[in-house]
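Since we're looking at a predicted model, the values are computed, not measured. Order of the sequence lines fixes the chain letters, A, B, ..., with proteins taken first and strands second; residue numbering starts at 1 for each chain.
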Amino acid sequence: MSLENIETPAAAPSDFIRDIVAAHVAENKYPRIHTRFPPEPNGYLHIGHAKSICLNFGIAREFGGVCNLRMDDTNPTKEDVEYVESIQEDVNWLISAWADDKLGLKPHGKTPEAVTSNGQPDFYLPAVTGATAGLEPFYASDYFDQIYAYAVALIKKGKAFVCDLTPDETDEYRRQGKASPFRDRSVEENLDLFTRMKNGEFPDGARSLRAKIVVDAPNIWLRDPLIYRIRHAAHHHTGDKWCIYPMYDFAHCLSDYIEGITHSICTLEFEVHRPLYDWILESLGLPRPLPHQYEFARLSLTYTVMSKRKLLQLVNENSVTGWDDPRMPTISGIRRRGVPATALRAFAYNIGITKYNGLTDVAVLEHAIREDLNKRAFRRLAVLRPIKVVITNYPEGQVEELNAVNNPEQPETGTRKLPFSRELFIERDDFAEVPPPKFFRLKPGGEVRLKYAYIIKCEEVVKDAAGNIAELRCTADLDSKTGGATAGRKVKGTIHWVSAPHAVDAEVRLYDRLFTVAEPDTGADFKATLNPHSLEVIHVKCEPSLKDASPAERYQFERLAYFALDKDSAPGKLVFNRTITLKDNWAKEAHKS
RNA sequence: UGCCCGAUGGUGUAACGGUAGCACAAGUGACUCUGAAUCACUUUGUCAUGGUUCAAAUCCAUGUCGGGCAGCCA
């Protein structure tokens, strides 16, 4: 069964942004709905980005539109191609077989075309969909020429000026609502100085280009905001062509415009920037319909940190093995852990889109993962912490091949053969010498069903010199095998097992929450709340069919958890990541007493 | 402090002036050759105070609480 076979079951969701888009579609406001996902390539994408990806691409697929992938790369000192590559990989994985036909890209190396729109000169860079060969993501840095031209246009309109204030002075003037002494420079002088800024005549921070809006506006972002700064730094995409770079506010709205974006969806912290977004586009008198910005609440998850700064710190300080450590909330970490993209998308649908800054229980994510994996995972038997069991009345050397169901949720996936023999392994937790109340598993003198095999009774507990249990000697009801005379006998417990001589060894990585507290972000030192037991590596006994395990498949080790093959596996070396445990009501029950 | 935004069970959301619903979580029971899954049932909610209205979670006012912004970051 391939991973792509299971579709996201959820119906198309409804939220305030989709309501707005639906209204625009109804009134035919735009020829086509066009969204974009614009990460800055300064870190790996995380599950909060997944929410945004599912929103933007979801809108594109629900309303017959397109969603551009764009690198929002206007700050050369923080960005890197490593991140560009990981972002593409993560986005492609997440939208695969769902919205990959809505992914807007552009021909490699292509920059905006000079076109005429409504009789006016204009810049436009159309998206290409439905292919990937020869295509690449959009880059805001591909528009530096056009953005520069727009800045010059703004100067010529008397709506921008070159300011000589230092960064500290600028802050102070803006705080006080005071006009810069350079605010009323002539257009000619501004043009000259801006050209010389571009030509590299001034050091970093010596001058800046500022929009001329309102000196003492209540909204700080309208107090003559900076739109260009000097940065003598090489850029990962444009090399050393530029030594001035546009600020986010200036570059973003214009990038949206150039790509023909209709709905520019971002998180709440940009809400106060929206008047500036609109001011820039309106001030330029652009000839095509303008994009508009809409904001929603970013995702916060319990037992998780989400800021790129903190995730980077975990990586740099080796608290995890890398950005794709399966404990990380990054898309690559979640993927490596074994979570299917369908589960992540279902989660994104389930949490909804609002303007309320809430804290989502990680249990919602875990539920989406279990629901998905329950449907798709092959059932297998594996013993994580083995105890040896000898069936004393079972002939030595005899081996039976039992039929075992691959997935009861999908009977069409068939069965596989499971060897049974005299010596087995069972789970240490499935035996108790002194059983607690309501213990349905194996105990001295007690009976239990071996899944797909016999009912056995524990006759003797053999211990080593140190008093540890070395093996259990049991007898089997040899008529109780599935289909046998006493197969219908009711025993309270059924446990999993592996035939000892046939067992395949594997390394298993048991992952748990990275943090011990629900809100690691709130304390002074989030690293103090790291869970020291978030990873445990053990060596386990698997049923023989698992030696052919594939990274494309998901497995449920029955009664335990879901697992996926890790990339550290090699021929003859199985490494499984525990994606998530099965729900464990017994643990809950045992905890009560 | 100024400006902006928000508030519906424990958590996340729906209801768009007309029966407060869904999911997760929690609990009870049924079933079970996975203490899983499945099924049934249960608990818990409109921030406060006024106002408009036949009728308010929804509209208005005030207050309270929470979040965001005040980088030459995005």
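- Here the CZ atom belonging to Phe296(A) is positioned 11.0 Å from the CG atom belonging to Asn357(A), to the nearest 0.5 angstrom.
- Residues Tyr452(A) and Phe420(A) keep their aromatic ring centres 6.0 Å or farther apart.
- Nearest nucleotide to the Lys490(A) side chain, out of rC3(B), rU32(B), rU34(B): rU32(B).
- Residue Lys481(A) places none of its side-chain N or O atoms closer than 4.0 Å to OP1 or OP2 of rC33(B).
- At a threshold of 4.0 angstrom between heavy atoms, the contacts of Lys308(A) with the nucleic acid are absent.
- Atom name P, nucleotides rC54(B) and rU49(B): the rounded distance is 23 Å, in whole Å.
- Under the 3.5 Å distance criterion, with hydrogens and angles disregarded, a donor-acceptor pair is assigned to the side chains of Glu169(A) and Thr166(A).
- Comparing the C1' positions of rG17(B) and rA57(B) gives a spacing of 11 Å, expressed to the nearest Å.
- Among the nucleotides rA70(B), rC33(B), rG35(B), the one closest to the side chain of Thr482(A) is rC33(B).
- With both ends at atom P, the span from rC69(B) to rA37(B) equals 40 Å, rounded to whole Å.
- For the OP1/OP2 pair of rA36(B) and a distance below 4.0 Å, the side-chain nitrogens and oxygens of Asn585(A) include at least one atom meeting the criterion.
- The residue Thr74(A) sits close only to the backbone: its heavy atoms come under 4.0 Å of sugar-phosphate atoms, none of a base.
- The nucleotide whose nearest atom lies closest to any side-chain atom of Leu226(A) is, among rC72(B), rA74(B), rA36(B), rC72(B).
- When only modelled atom types and interatomic distance are considered, His273(A) and Asp249(A) share a side-chain donor-acceptor pair under 3.5 Å.
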Nucleotide-resolved protein contact map, nucleotides 7-20 of chain B, B/S/- at heavy-atom distance under 4.0 Å: S---SSSS-B----
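- Nearest to the side chain of Leu582(A), among rC24(B), rC72(B), rU34(B), sits rU34(B).
- Atom CG of Asn374(A) and atom P of rC39(B) are 11 Å apart (whole Å).
- The residue among Asp168(A) and Glu409(A) whose nearest nucleotide of RNA chain B is located toward the 5' end is Glu409(A).
- Searching all strands for a Watson-Crick or G-U wobble partner of rC3(B) with both distances below 3.5 Å returns rG68(B).
- Base pairing of rA15(B) is not made with any nucleotide, judged by Watson-Crick or G-U wobble geometry with both donor-acceptor distances under 3.5 Å.
- Nucleotides rU62(B) and rG68(B), compared at atom P, are 24 Å apart to the nearest Å.
- When Watson-Crick and G-U wobble pairs are counted only if both distances are under 3.5 Å, rU8(B) pairs with no nucleotide at all.
- Note: His367(A) NE2 to Phe347(A) CZ = 12.5 Å, rounded to the nearest 0.5 Å.
- At the heavy-atom level, Pro38(A) lies nowhere under 4.0 Å from the strands shown.
- In the set rG35(B), rC5(B), rC72(B), rC72(B) carries the atom at the smallest distance from any side-chain atom of Ser208(A).
- No option in Phe378(A), Tyr555(A), Phe557(A) other than Phe557(A) meets the ring pair (Phe, Tyr, Trp, His ring centres under 6.0 Å) test with Phe563(A).
- Summarising the geometry, the separation between OH on Tyr228(A) and C1' on rC73(B) is reported as 17 Å, rounded to the nearest angstrom.
- When both distances must be under 3.5 Å, the Watson-Crick or G-U wobble mate of rU49(B) is rA61(B).
- Rounded to whole Å, atom P of rC5(B) lies 16 Å from atom CD of Glu269(A).
- Taking only side-chain nitrogens and oxygens, Arg229(A) comes nearer than 4.0 Å to OP1 or OP2 of rC73(B).
- A donor-acceptor pair shorter than 3.5 Å can be found between the side chains of Glu82(A) and Tyr44(A).
- Partner assigned to rA37(B) is none, using Watson-Crick or G-U wobble distances below 3.5 angstrom.
- Base engagement by Phe270(A) is indicated by at least one non-hydrogen atom pair under 4.0 Å involving a base atom.
- Counting only heavy atoms from C-beta on, Trp221(A) has its side chain closest to rC69(B) among rG35(B), rC33(B), rC69(B).
- Remark: Arg274(A) is not positioned above the aromatic ring of Trp221(A), lacking an NZ or CZ atom under 6.0 angstrom from the ring centre and at most 45 degrees off the axis.
- Using a 4.0 Å heavy-atom cutoff across all strands shown, Glu366(A) reaches no nucleic acid atom at all.
- For rA23(B) and rU38(B), the P atoms lie 12 Å apart once the distance is rounded to whole Å.
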Applying side chain to side chain donor-acceptor pair (under 3.5 Å), run through Gln410(A) and Thr413(A) and close with a yes or a no. CA-CA 6 Å; Gln410(A) 302 198 70; Thr413(A) 57; over 6 Å; no
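- Within 4.0 Å (heavy atoms only), Lys583(A) reaches sugar-phosphate atoms of the nucleic acid but no base atom.
- Within the nucleic acid shown, Glu40(A) comes within 4.0 Å of sugar-phosphate atoms alone, with no base atom in reach, counting heavy atoms only.
- In this structure, of rC73(B), rG35(B), rG68(B), it is rC73(B) that holds the atom nearest to the side chain of Arg231(A).
- Listed nucleotides: rG35(B), rA23(B), rG27(B). Nearest to the side chain of His367(A): rA23(B).
- The closest side-chain donor-acceptor pair between Thr486(A) and Asp477(A) falls under 3.5 angstrom.
- As a whole-Å value, the separation of Asp224(A) CG from rC72(B) P is 13 Å.
- Rounded to an integer number of Å, the gap from CG of Leu365(A) to P of rA25(B) is 12 Å.
- If Arg379(A) and Asp249(A) are placed on RNA chain B by their nearest nucleotide, the residue sitting closer to the 5' end is Arg379(A).
- Distance noted for atom P between rA56(B) and rG50(B): 14 Å (whole Å).
- Anti is the glycosidic conformation of rG10(B), whose angle departs from 0 by more than 90°.
- Across all strands shown, rU42(B) forms a Watson-Crick or G-U wobble pair, both distances under 3.5 Å, with rA26(B).
- Residue contacts for Leu165(A): at a heavy-atom cut-off of 4.0 Å it reaches a base atom on one of the strands shown.
- No contact: Arg370(A) has no heavy atom under 4.0 Å from any strand.
- Nucleotides rA26(B) and rU19(B), compared at atom P, are 32 Å apart to the nearest Å.
- Between His237(A) and His235(A), the ring planes are perpendicular. Angles over 60° get that label, and only those under 30° would be called parallel.
- Looking at heavy-atom distances under 4.0 Å, His496(A) makes no contact with the nucleic acid at all.
- Contacts of Arg174(A) with the nucleic acid, taken as non-hydrogen atoms under 4.0 Å apart, involve only primed sugar atoms and P, OP1 or OP2.
- Comparing the C1' positions of rU8(B) and rC22(B) gives an interatomic distance of 13 Å, to the nearest angstrom.
- Across all non-hydrogen atoms, the minimal contact from Pro386(A) to Lys541(A) is CG-CG, 4.0 Å.
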